[in-house]
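A short write-up of the structure that comes next.
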Amino acid sequence: MFTSTTQIRVRYGETDQMGYLYYGNYALYYEVGRAEAIRQLGFTYRQLEEMGTMMPVAELNVQYFRPALYDDLITVKTILKELDGGPKISFHSELYNEAGQFLNKGVTTLVFYDPLEKKKKDMPGELFTRLSPFFKTET
């Protein structure tokens, strides 16, 4: 299992009239978490794109438990629970406030896509190589 954390402060422009993080902005926080998780592996989304791989979102599931509020420092925990090297990858996201309260969870499934061939493809080998040590099991 691979886990990454990053922090984001809720900005005023991201909130609704009640000072709650607007529900549609949670997906943006998940995206920041995914991008930073890949960065922690030693490369970026931009490099994946330069290697000929796009990662469009195929599915997004979200559950809200408590609101994130204006000026809260949110911890975004991004988790990869499985690695198969195929054409899909699912990032599990959990959001916590400064008090450690669990606020929200979501699962974002993306596909690896070749924009020139206009079709899905398997996970790039370099990404698989960097992730695989986190998924080694002892026998």
Side-chain angles (χ1 to χ4, degrees):
M1 184 166 62
F2 173 73
T3 302
S4 168
T5 60
T6 191
Q7 292 187 311
I8 305 169
R9 188 164 303 275
V10 178
R11 295 167 293 258
Y12 184 79
E14 297 171 329
T15 63
D16 61 19
Q17 288 182 317
M18 297 180 291
Y20 290 9
L21 178 63
Y22 178 69
Y23 79 94
N25 287 330
Y26 285 82
L28 295 173
Y29 282 38
Y30 299 165
E31 181 179 5
V32 170
R34 289 193 310 272
E36 291 305 313
I38 290 172
R39 187 178 308 277
Q40 288 175 16
L41 292 169
F43 61 107
T44 65
Y45 262 114
R46 178 177 296 224
Q47 288 171 309
L48 283 171
E49 291 175 354
E50 289 169 354
M51 294 166 39
T53 300
M54 304 296 281
M55 293 176 65
V57 173
E59 185 175 346
L60 174 65
N61 293 292
V62 182
Q63 288 183 288
Y64 304 91
F65 301 101
R66 290 183 180 87
L69 305 172
Y70 167 64
D71 206 38
D72 280 354
L73 184 62
I74 303 301
T75 297
V76 180
K77 185 175 181 182
T78 304
I79 307 156
L80 285 173
K81 296 182 177 182
E82 54 190 31
L83 179 69
D84 67 11
K88 289 185 181 181
I89 188 167
S90 293
F91 291 89
H92 297 257
S93 301
E94 298 175 357
L95 275 60
Y96 298 87
N97 64 17
E98 289 173 89
Q101 293 176 308
F102 180 57
L103 307 177
N104 174 282
K105 71 177 180 178
V107 179
T108 309
T109 301
L110 298 96
V111 295
F112 297 104
Y113 181 77
D114 183 325
L116 297 176
E117 297 289 326
K118 299 199 182 314
K119 64 180 184 177
K120 291 188 285 186
K121 64 183 198 173
D122 287 340
M123 177 184 290
E126 186 173 350
L127 181 58
F128 186 83
T129 298
R130 292 183 189 224
L131 283 169
S132 61
F134 298 96
F135 294 88
K136 300 252 186 235
T137 57
E138 295 183 26
T139 55

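- The salt bridge (Lys or Arg N to Asp or Glu O under 4.0 Å) test applied to Arg11 returns Glu14, not counting sequence neighbours.
- Remark: the Gln63 side chain and the Asn61 side chain contain no N/O donor-acceptor pair separated by less than 3.5 Å.
- Taking a 4.5 Å side-chain heavy-atom cut-off between Ile, Leu, Val, Met, Phe, Trp and Tyr, the cluster of Leu131 extends to Phe2, Ile38, Leu41, Phe43, Tyr45, Leu48, Met51, Met55, Val57, Leu80, Leu83, Ile89, Phe91, Leu110, Phe112, Met123, Leu127, Phe128, Phe134, Phe135.
- Asn25 is linked by a side-chain hydrogen bond (donor to acceptor under 3.5 Å, both in side chains) to nothing, counting only residues two or more places apart in sequence or in another chain.
- In this structure, the side chains of Tyr29 and Leu21 come closer than 4.5 Å at one or more pairs of heavy atoms.
- By the side-chain hydrogen bond (donor to acceptor under 3.5 Å, both in side chains) test, Glu126 pairs with Arg130, sequence neighbours left out.
- When side chains are defined from C-beta on, Pro56 counts as touching Val111, because their heavy atoms get closer than 4.5 Å.
- Summarising the geometry, atom CG belonging to Leu69 is positioned 8.0 Å from atom CG belonging to Asn97; distances are rounded to the nearest 0.5 Å.
- Tyr22 and Leu60 fall within the same hydrophobic cluster, defined by Ile, Leu, Val, Met, Phe, Trp and Tyr side-chain heavy atoms under 4.5 Å apart, directly or through other members.
- By the salt bridge (Lys or Arg N to Asp or Glu O under 4.0 Å) test, Glu36 pairs with Arg39, sequence neighbours left out.
- The side-chain hydrogen bond (donor to acceptor under 3.5 Å, both in side chains) search around Ser132 returns none, not counting sequence neighbours.
- Smallest separation of non-hydrogen atoms from Leu103 and Pro67: CD2-O, 3.9 Å.
- The backbone N or O of Ile74 lies less than 3.5 Å from no partner atom in the side chain of Asp72, so there is not a single donor-acceptor pair.
- Applying the ring-ring contact (aromatic ring centres under 6.0 Å, His included) test to residues at least two apart or on different chains, the pairs with a partner in residues 48-67 are Tyr26-Tyr64, Phe65-Phe102.
- Contacts of Glu98 classified as side-chain hydrogen bond (donor to acceptor under 3.5 Å, both in side chains), with partners at least two apart in sequence or in another chain: none.
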Side-chain donor-acceptor contacts of residues 3-10 below 3.5 Å, not counting sequence neighbours, with atom names and distances?
unit_1: Ser4; atom_1: OG; unit_2: Gln40; atom_2: OE1; d: 2.9
unit_1: Ser4; atom_1: OG; unit_2: Gln40; atom_2: NE2; d: 3.1
unit_1: Gln7; atom_1: NE2; unit_2: Thr75; atom_2: OG1; d: 3.2
unit_1: Arg9; atom_1: NH1; unit_2: Asp71; atom_2: O; d: 2.7

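- Note that the CG atom of Leu116 and the CE atom of Met54 stand 10.5 Å from one another [nearest 0.5 Å].
- Applying the side chain to side chain donor-acceptor pair (under 3.5 Å) test to residues at least two apart or on different chains, the pairs with a partner in residues 112-122 are Thr53-Lys121.
- Side-chain contact check for Tyr30 versus Thr78: every heavy-atom pair is 4.5 Å or farther apart.
- Grouped with Tyr12 in one hydrophobic cluster are Tyr70, the linkage being side-chain heavy-atom contacts under 4.5 Å among Ile, Leu, Val, Met, Phe, Trp and Tyr residues.
- Under the salt bridge (charged side-chain N to carboxylate O under 4.0 Å, His left out) criterion, no residue pair touches residues 78-94, with sequence neighbours excluded.
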